Amino acid sequence: MPEGPELHLASQFVNEACGALVFGGCVEKSSVSRNPEVPFESSAYRISASARGKELRLILSPLPGAQPPQEPLALVFRFGMSGSFQLVPREELPRHAHLRFYTAPPGPQLALCFVDVRRFGHWDLGGKWQPGRGPCVLQEYEQFRENVLRNLADKAFDRPICEALLDQRFFNGIGNYLRAEILYRLKIPPFEKARSVLEALQQRRPSLKLTLSQKIKAKLQNPDLLELCHSVPKEVVQLGGKGYGSESGEEDFAAFRAWLRCYGMPGMSSLQDRHGRTIWFQGDPGPLAPKGRKSRKKKSKATQQSPEDRVEDPSPPSKALSRTRRAKRDLPERTATQRPEGTSLQQDPEVPTVPKKGRRKGQQAASGHRRPRKVKADTPSLDPEGTSAS
């Protein structure tokens with residue numbers, strides 16, 4: 001799913017692709033989107049973007065003399081699990097383009113589209129960043145660091161460090177692949193208590209005898225966890241492209257795959273945290289690891305998947321699966337639905353959970369016989385990452 005670097009790259013894309021374009025007309029929303037209508041119409045306006053953590057702000061600015069007279073309008077987007085922006089010819093709209101801004105004539109008409117295949121993305125009118133989110137790990141590093149160290153008494157830091165890193169009140173912009181890469185580089189067990197990891201940073205002070213250049217060199221050679229929360233996302237931004245996401249081109253994926261060291265990589269282990277999100281790691285998971293759960297290890301590159309599908313390593317077909325199919329053949333059909341994005345910032349809010357399967361309310365088995373149920377082999381999702389606020 002898109003994390004801080006992807007939102008930052010998306011804002012760069014909008015500014016570079018749309019900087020010289022003039023848009024006109026109404027903003028068009030797809031009929032299936034549950035997001036609000038955008039009440040904006042102008043004969044000539046420009047679009048600009050900025051990002052903060054896991055949010056992107058789009059500003060529609062009418063040009064002088066544009067009709068009807070209109071004040072600038074700001075929208076704030078959260079990308080959910082699959083959101084992105086694309087600029088395409090009007091006659092070639094992507095299937096899941098849920099919000100569309102059209103260029104004004106003359107010339108070939110283009111459309112800037114917010115594309116969201118899984119429809120967990122969201123936009124709000126007014127342009128205000130979501131309340132409660134902490135400073136951006138990319139663009140507000142000093143404020144971010146101070147906010148974390150000042151609030152270590154918060155109960156969020158009683159949790160494992162892998163879970164604390166998804167709390168957007170303190171780590172705005174960090175998501176599933178970033179937390180794995182950061183902890184791996186520091187060899188920190190993902191289920192170590194967050195406060196135990198971070199309290200030592202309160203005492204960290206550079207020697208007064210060091211020159212400025214020596215202090216910078218020491219910081220680059222031995223970064224702490226909070227410094228990596230800033231520098232690792234910057235590395236993804238410097239890769240260019242669109243980073244992690246299903247709309248990235250093959251070159252983007254190749255660069256991103258080559259950059260990854262831990263997330264979904266062969267030889268790494270994985271466990272689900274208490275929110276059901278998969279954390280990748282190497283070695284001991286730590287003292288707060290979920291009881292009764294065995295870690296799984298990714299075995300070979302032969303079955304390596306693309307980044308967005310790399311969250312879990314599905315088990316190969318086995319006799320046990322065949323027995324399961326036979327055992328379930330006479331069960332009534334069941335359905336699984338996905339719950340929309342939650343609102344808590346204490347876990348990454350962009351990701352839905354899949355509730356347990358069960359018979360629909362009021363559903364009764366037909367008398368005499370039951371219809372056989374088709375059972376599909378397990379396939380990995382983008383990220384089984386919890387239910388609430390990216």
Side-chain angles (χ1 to χ4, degrees), residues 1-12 15 48-59 74-79 122-124 126-159 161-179 181-183 185-186 188 194-195 197-206 216 219-220 223-238 243-244 342-351 386 388-390:
M1 60 172 288
E3 303 184 14
E6 287 70 42
L7 275 289
H8 187 81
L9 287 167
S11 70
Q12 286 185 352
N15 290 331
S48 60
S50 59
R52 180 179 185 267
K54 288 194 179 182
E55 296 181 295
L56 181 146
R57 178 189 285 150
L58 215 61
I59 299 179
L75 303 166
V76 170
F77 290 80
R78 291 181 287 280
F79 280 19
H122 188 75
W123 62 79
D124 291 316
K128 293 183 179 179
W129 304 119
Q130 188 178 25
R133 286 181 181 267
C136 175
V137 297
L138 266 169
Q139 297 178 304
E140 301 168 313
Y141 170 68
E142 293 299 336
Q143 300 96 308
F144 150 70
R145 186 180 184 94
E146 180 185 356
N147 184 48
V148 172
L149 297 180
R150 187 179 63 243
N151 289 287
L152 288 183
D154 191 280
K155 63 181 181 180
F157 298 102
D158 293 332
R159 296 292 179 184
I161 185 63
C162 68
E163 294 179 8
L165 283 170
L166 297 185
D167 192 327
Q168 300 299 294
R169 297 174 301 165
F170 304 110
F171 297 91
N172 186 12
I174 300 298
N176 211 28
Y177 82 77
L178 284 174
R179 69 170 177 173
E181 295 297 319
I182 291 165
L183 294 175
R185 294 190 187 191
L186 294 173
I188 295 175
R195 189 176 294 108
V197 173
L198 294 166
E199 275 181 336
L201 305 188
Q202 290 180 315
Q203 311 302 324
R204 186 179 179 186
R205 294 287 186 274
I216 294 173
K219 183 175 290 189
L220 292 175
D224 62 35
L225 185 141
L226 297 181
E227 288 165 348
L228 286 185
C229 285
H230 173 66
S231 63
V232 172
K234 282 182 68 176
E235 291 177 17
V236 181
V237 172
Q238 290 165 1
Y244 174 86
T343 57
S344 170
L345 290 167
Q346 296 179 24
Q347 38 176 318
D348 194 333
E350 306 293 343
V351 190
S388 38
S390 142

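Only this structure's heavy atoms are used, side chains among them; waters, hydrogens and symmetry mates stay out. Keep in mind the model is a prediction, meaning the values are calculated, not measured.
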So do V237 and Q12 actually touch side chain to side chain, heavy atoms under 4.5 Å? yes
Measure across V76 and K128 and return the closest heavy-atom pair with its distance rounded to 0.1 Å. CG2-O, 3.5 Å
Measuring from atom CG of L149 to atom CD of Q202, what distance do you get when rounded to the nearest 0.5 angstrom? 5.5 Å
I161 versus R179: any side-chain heavy-atom pair under 4.5 Å? no
When you measure from the side chain of D154 to the backbone of V148, do you find a donor-acceptor pair of N or O atoms at a distance under 3.5 Å? no
Distance col, row L228:CG vs L186:CG, nearest 0.5 angstrom, shows 4.5 Å
Could you check whether any side-chain N or O of R52 sits under 3.5 Å from a backbone N or O of C136, counting only pairs where one atom can act as donor and the other as acceptor? no
In terms of relative ring orientation, are F79 and F77 parallel, tilted or perpendicular, with 30° and 60° separating the classes? perpendicular
List the atom of I174, the atom of C229, and the distance in Å for their closest heavy-atom pair. CD1-O, 3.8 Å
Any I59 side-chain heavy atom under 4.5 Å of S50 side chain: no
Using a 3.5 Å distance criterion without hydrogens, assess whether the side chain of N15 forms a donor-acceptor pair with backbone atoms of A49. yes
Heavy-atom distance under 4.5 Å between the side chains of E163 and L166, does that happen here? no
I'd like to know if the side chain of E3 and the backbone of G175 have a donor-acceptor N/O pair within less than 3.5 Å. yes
As an exercise, state the distance from CG of N147 to CZ of F171, rounded to the nearest 0.5 Å. 9.0 Å
Can a donor-acceptor pair be found, under 3.5 Å and without considering hydrogens, that links the side chain of Q143 to the backbone of V137? no
Taking atom CG of L226 and atom CZ of R145, what is their separation to the nearest 0.5 Å? 5.0 Å
For residues A156 and D167, report the shortest heavy-atom separation together with the two atoms involved. CB-OD2, 3.5 Å
Is L58 close to W123 at the side-chain level, that is, under 4.5 Å between some pair of heavy atoms? no
Please check this pair: side chain of R57 against backbone of G127, looking for a donor-acceptor N/O pair closer than 3.5 Å. yes
Tell me whether the count of non-hydrogen atoms from other residues, nucleotides or ligands lying under 6.0 Å of CZ in R159 goes above 12. no
How long is the span from the CD1 atom in I182 to the CG atom in L165, to the nearest 0.5 Å? 6.0 Å
Mind checking what makes side chain to side chain donor-acceptor pair (under 3.5 Å) contact with E199, not counting sequence neighbours? none
Considering all heavy atoms of both residues, which atom of R133 and which atom of Q130 are nearest to each other, and what is their separation? NE-OE1, 2.7 Å
So R78 and D124, do their side chains get closer than 4.5 Å, heavy atoms only? yes
State whether the side chain of Q168 and the backbone N or O of G173 hold a donor-acceptor pair below 3.5 Å, judged by distance alone. yes
Report the distance from atom CG of L152 to atom CZ of F157, rounding to the nearest 0.5 Å. 5.5 Å
